[in-house]
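What follows is one structure encoded as structure tokens, with my remarks underneath.
By convention in this document, chain letters (A, B, ...) are assigned in the order of the sequence lines, proteins followed by strands, and residues within each chain are numbered from 1.
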Protein chains: 2
Amino acid sequence: MERDNKVSITVIRRLPKYYRYLSDLLNKGINRISSQELSNMTGFTASQIRQDLNNFGGFGQQGYGYNVEELKNQLGKILGLDKIYKAVIAGAGNLGQAIANYRGFQDAGFEVLSLFDKNPKLIGIKIRDIEIRDIEEMESFIKENGVDIGIITVPKSSAQEIADIYVRSGIKGIWNFAPADIKVPDDVIVENVHLNESLFALSYFMNNKNDYIRRD
Amino acid sequence: MERDNKVSITVIRRLPKYYRYLSDLLNKGINRISSQELSNMTGFTASQIRQDLNNFGGFGQQGYGYNVEELKNQLGKILGLDKIYKAVIAGAGNLGQAIANYRGFQDAGFEVLSLFDKNPKLIGIKIRDIEIRDIEEMESFIKENGVDIGIITVPKSSAQEIADIYVRSGIKGIWNFAPADIKVPDDVIVENVHLNESLFALSYFMNNKNDYIRRD
DNA sequence: TGCATATTTTTATTATTATTACCCATAATA
DNA sequence: TATTATGGGTAATAATAATAAAAATATGCA
């Protein structure tokens, strides 16, 4: 699916939100939606929504709006949610277990094959049928099973080390929860979830209610 | 600390990252840093860093750079990290426990006073001295203890219900992990952590390596 | 069925916002 | 004291979003 004009990251970051609302609509049995209605739901302007979607093709119909199911499927395809991803989690602490436990990711096509930890007390335990294995076995496990995504839920101090193992094993996507910026080759994608930064932003907004430009 | 010109959210979202790097530098005993060096570390341009910081005052010195400790303290004050916040967590599942367990938040001044859940099997258990209480007691607990921040780690279906309790109890800041957009009055700040959206974005980037404008 | 009118997307244009580049004053350094 | 480093401020550029105009479809009614 080649496109001439590259899409900006700000647009891409909105797509999952559209996708979520479309899923909700579909569950409610609604099969037709206008950009104006989507605007009311999401808080983005109707024109922005139309422009965002038009980056990827004309999914709408003048005078009609968008077909919910079709648009959801199209966005799913754009986001790559029509595929199955194999993932592993490095770090079987609370956060790693929380992710392993959450059914939502599996439903979206992200299957956690195994957790890994160095703590002998955790090794062998199963989280909802997902076994915790020795971190020493991780590299060979990834290679043998063709894992796509590596999740990092270890402490900051060993995050880079884990990232290096992932890269060595051929993983091309890393979901990083450690509060550190890890270094990887250009062809490996890192998506960070920096909870600290989110919490600090909340703190700022609470303390400076009128000193920033609000945009819902 | 009144300022004429409001600051954009994109700037504010970068501040916690600067703060993190400055903390790292301070821990390494480095007490002087230039915008160029910060640029090399963070990936933002030096010019952007200077402009971001200048929104809040001239913390640097021409010909010298920035004093790490002073800049860190100033950013901390701007972010509101010079205060102590009392927080509670609604939802004592894996994610709630993960947050309660993470020392980093406490070190930054965010103290979790209690977890709440409706599951009788969890009530009474302690996570690192933090007790899990019956969700029925949450409202009175918040009022009695003057809680500042409410964290939501319950399933999507009860997220709004919890938010309503928080609002009724007088909480002014909500950290929401449920994959839903909750509705609150204007004076209540909601900071969302939508893990689904982050994961979907990762999926997009993995599938469309050259179709978006990369900006580290 | 056919026409007039309401909707609603698409495309083009304009306005706003964000980022980068540049110059100058100041401080460090040798 | 000369040279280099560096941030602050301002101007220029680029990116993003909003607006307006245009085209296509649906809907209601005679």
**OP:** Say whether A:Ser34 and A:Glu37, considering side chains only, have a donor N or O and an acceptor N or O under 3.5 Å apart.
**Re:** yes
Original post:
Counting only side-chain N and O atoms of B:Asn54, is one of them less than 4.0 Å from OP1 or OP2 of D:dG7?
Top reply: no
Original post:
What dot-bracket string describes DNA chain D from 5' to 3', counting Watson-Crick and G-U wobble pairs whose defining distances are under 3.5 Å, with [ ] for crossing pairs and | for pairs to another strand?
Top reply: |||||||||||||||||||||.||.|||||
Original post:
OP1 or OP2 of D:dT16 sitting under 4.0 Å from any side-chain N/O of A:Ser8?
Top reply: yes
**OP:** Can you tell me the distance, in whole Å, between the CG atom of B:Asp52 and the C1' atom of C:dA18?
**Re:** 10 Å
**OP:** Kindly state each residue pair satisfying ring-ring contact (aromatic ring centres under 6.0 Å, His included) with at least one member in residues 63-87 of chain A, sequence neighbours excluded.
**Re:** A:Tyr85-A:Phe110
All N/O contacts under 3.5 Å from nucleotides 27-30 of chain D to the protein, with atom names and distances to one decimal?
residue	atom	partner	partner atom	Å
D:dT27	OP1	A:Arg32	NH1	3.1

Subject >> Partners meeting ring-ring contact (aromatic ring centres under 6.0 Å, His included) with A:Phe141 (sequence neighbours left out) >> reply: A:Phe116
Subject >> Nucleic acid contacts of residues 17-30 of chain B, taken as heavy-atom distances under 4.0 Å to DNA chain D >> reply: none
Collect all protein-nucleotide pairs involving nucleotides 19-24 of chain D in which both atoms are nitrogen or oxygen and the distance is under 3.5 Å.
residue	atom	partner	partner atom	Å
D:dA24	O4'	A:Gln62	OE1	3.4

Original post:
Would you say a side-chain N or O of B:Arg13 is under 4.0 Å from OP1 or OP2 of C:dA18?
Top reply: no
**OP:** Considering only NZ, NE, NH1 and NH2 on the basic side and carboxylate oxygens on the acidic side, decide whether A:Glu111 and A:Arg128 come within less than 4.0 Å.
**Re:** no
**OP:** Nearest whole angstrom, please: distance from the P of D:dG9 to the CG of B:Leu53.
**Re:** 12 Å
Original post:
Is C:dA6 in the syn or the anti form, by the rule that syn lies within 90° of 0?
Top reply: syn
